[in-house]
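Atom set for the values below is all heavy atoms of this structure, side chains included, hydrogens, waters and symmetry mates excluded.
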Amino acid sequence: MLKHGILGLLNYGNMTGYDIKTVFNDSLRHFWQAQTSQIYRELRVLEKNGWIKATHVEQESRPDKNILSITEEGKKELMRWLEEDSAASPIRNPMLMKTFFRGECSREENIQYFQKLQEKETVFPEGSENTDRKRQEYGNNIDNPVRALYWKFTSDFGLMYDKMLREWCMHCIKELEVLKNENITD
C-alpha cells in the first residue's frame, strides 16, 4: 500500500524523495507509518515498474537531486488500486493485543496503563493544531483544490479516533475503579 500512497502523492505533482517524505509526514503518517528507508526502497521499485520516472537535476551550490514524476502507467496503476473492490482492512493493533492480556497485571498497573495511554497514544504526535493549516497549505498547491476535501476526511478520522481513544481509556478506568470500590480482587 505504501507504493500507492507514493503514487498518489506524485499524482499531485513532481517531487523529490525528500519532498515525498515531508508531505508523507504531514499527511499520510496520521494513518500509515513508513520509515524514510521504506519510502526510498519503494521509489526504486516504482521506477523499476515504470510507474514513476526520475529526472536528475544538477545544482551548483547544493547537492544534486532527482525530481520524481508519475508516468501514465503509474496513473493507471493508481486508478486500478483506487477502483479495486478491496475487503475491509484487518485491524492489527499492538495496543489492543496488550489490552487483551492486561488481566495478568494488577488493577493499579492497568489504571496507570490506561491513564498513560490516553495521554501518549495519538494519531497526531506533534499535536492536531497544525493539521488544518497543513491540509490547506497543500490544498492551495495542487491543481484541484477539491482533492483537499479528501485529505480533510482522513484528518477528521484521526481527530475522531483520538477522541474515541481518550473516551475508551476513561471508560476502562471507570470500570476498573468500580471493581476496586467493590473490593473485587484481581
Side-chain angles (χ1 to χ4, degrees), residues 1-49 51-52 54 65-70 74-75 77-102 112-139 141-142 147-169 172:
M1 258 215 243
L2 176 58
K3 66 184 170 199
H4 293 103
I6 294 170
L7 287 174
L9 292 177
L10 287 172
N11 196 48
Y12 292 129
N14 300 342
M15 297 181 201
T16 64
Y18 178 82
D19 295 334
I20 291 169
K21 179 61 179 163
T22 301
V23 175
F24 197 97
N25 281 341
D26 290 342
S27 57
L28 301 177
R29 185 187 62 168
H30 303 313
F31 52 88
W32 195 268
Q33 301 293 314
Q35 302 298 318
T36 301
S37 60
Q38 292 173 296
I39 290 174
Y40 279 96
R41 187 171 41 248
E42 282 296 334
L43 288 172
R44 287 189 295 276
V45 171
L46 292 171
E47 189 172 18
K48 183 179 175 186
N49 288 345
W51 295 344
I52 66 171
K65 62 183 178 180
N66 288 318
I67 304 293
L68 304 162
S69 58
I70 191 169
K75 288 180 182 185
E77 173 57 22
L78 177 62
M79 292 310 297
R80 184 206 61 76
W81 175 71
L82 288 171
E83 294 169 359
E84 167 183 277
D85 186 19
S86 57
S89 299
I91 296 175
R92 296 180 63 181
N93 188 316
M95 174 197 65
L96 291 177
M97 179 73 85
K98 280 186 176 183
T99 300
F100 187 86
F101 292 107
R102 294 238 25 120
Q112 289 174 6
Y113 168 78
F114 288 112
Q115 287 170 336
K116 288 178 187 173
L117 189 63
Q118 68 182 340
E119 295 168 7
K120 71 175 181 114
E121 184 74 22
T122 179
V123 174
F124 307 100
E126 287 87 33
S128 60
E129 305 79 37
N130 294 325
T131 303
D132 282 337
R133 182 185 58 77
K134 290 199 186 253
R135 183 183 43 79
Q136 289 172 352
E137 181 181 307
Y138 287 121
N141 292 328
I142 59 173
R147 289 177 174 167
L149 177 63
Y150 296 92
W151 297 355
K152 179 183 179 303
F153 292 162
T154 56
S155 60
D156 287 349
F157 177 89
L159 293 168
M160 291 177 184
Y161 175 84
D162 278 2
K163 180 180 183 224
M164 181 278 307
L165 182 67
R166 287 188 303 278
E167 290 174 358
W168 175 72
C169 286
C172 293

ask   = Will you find, in the side chains of D19 and T16, an N or O donor that is under 3.5 Å from an N or O acceptor?
value =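 Short answer, yes.
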
ask   = Passes side chain to side chain contact (heavy atoms under 4.5 Å, CB included), K3 versus V45? Steps please.
value = CA-CA 8 Å; K3 66 184 170 199; V45 171; 5.8 Å; no

task = Could you tell me whether the side chain of K21 and the main chain of A34 form a donor-acceptor pair under 3.5 Å?
result = yes

inquiry  = Main chain of D162, side chain of R166: is a donor-acceptor contact present, judged purely on distance under 3.5 Å?
reply    = yes

inquiry  = Over 60° means perpendicular and under 30° means parallel, so tell me whether Y150 and F153 are parallel, tilted or perpendicular.
reply    = perpendicular

Euclidean distance, [Y] [atom2] relative to [X] [atom1], rounded to 0.5 Å:
X: E77; Y: N49; atom1: CD; atom2: CG; answer: 8.0 Å
X: I52; Y: L43; atom1: CD1; atom2: CG; answer: 5.0 Å
X: L46; Y: L10; atom1: CG; atom2: CG; answer: 8.0 Å
X: I20; Y: L9; atom1: CD1; atom2: CG; answer: 7.0 Å
X: M164; Y: L159; atom1: CE; atom2: CG; answer: 13.0 Å
X: H4; Y: E42; atom1: NE2; atom2: CD; answer: 9.5 Å

Taking the side chain as every heavy atom from C-beta outward, state whether [X] and [Y] have any pair of such atoms under 4.5 Å apart.
X: W81; Y: M1; answer: yes
X: L68; Y: M15; answer: no
X: R41; Y: R44; answer: yes
X: T99; Y: Y113; answer: yes
X: K75; Y: L7; answer: no
X: W32; Y: L2; answer: yes

Taking atom [atom1] of [X] as the centre, report whether more than 12 heavy atoms of other residues, nucleotides or ligands fall under 6.0 Å from it.
X: Q35; atom1: CD; value: no
X: M95; atom1: CE; value: yes
X: Y40; atom1: OH; value: yes

request  = Taking the six-membered ring for Trp and the full ring for Phe, Tyr or His, determine whether the centres of F114 and W168 are under 6.0 Å apart.
outcome  = yes

task = Go through the steps for I39 and F24 under the test side chain to side chain contact (heavy atoms under 4.5 Å, CB included), then give the verdict.
result = CA-CA 9 Å; I39 290 174; F24 197 97; 4.1 Å; yes

query = Would you call E119 and K116 a salt bridge, taking side-chain N to carboxylate O under 4.0 Å as the test?
reply = no

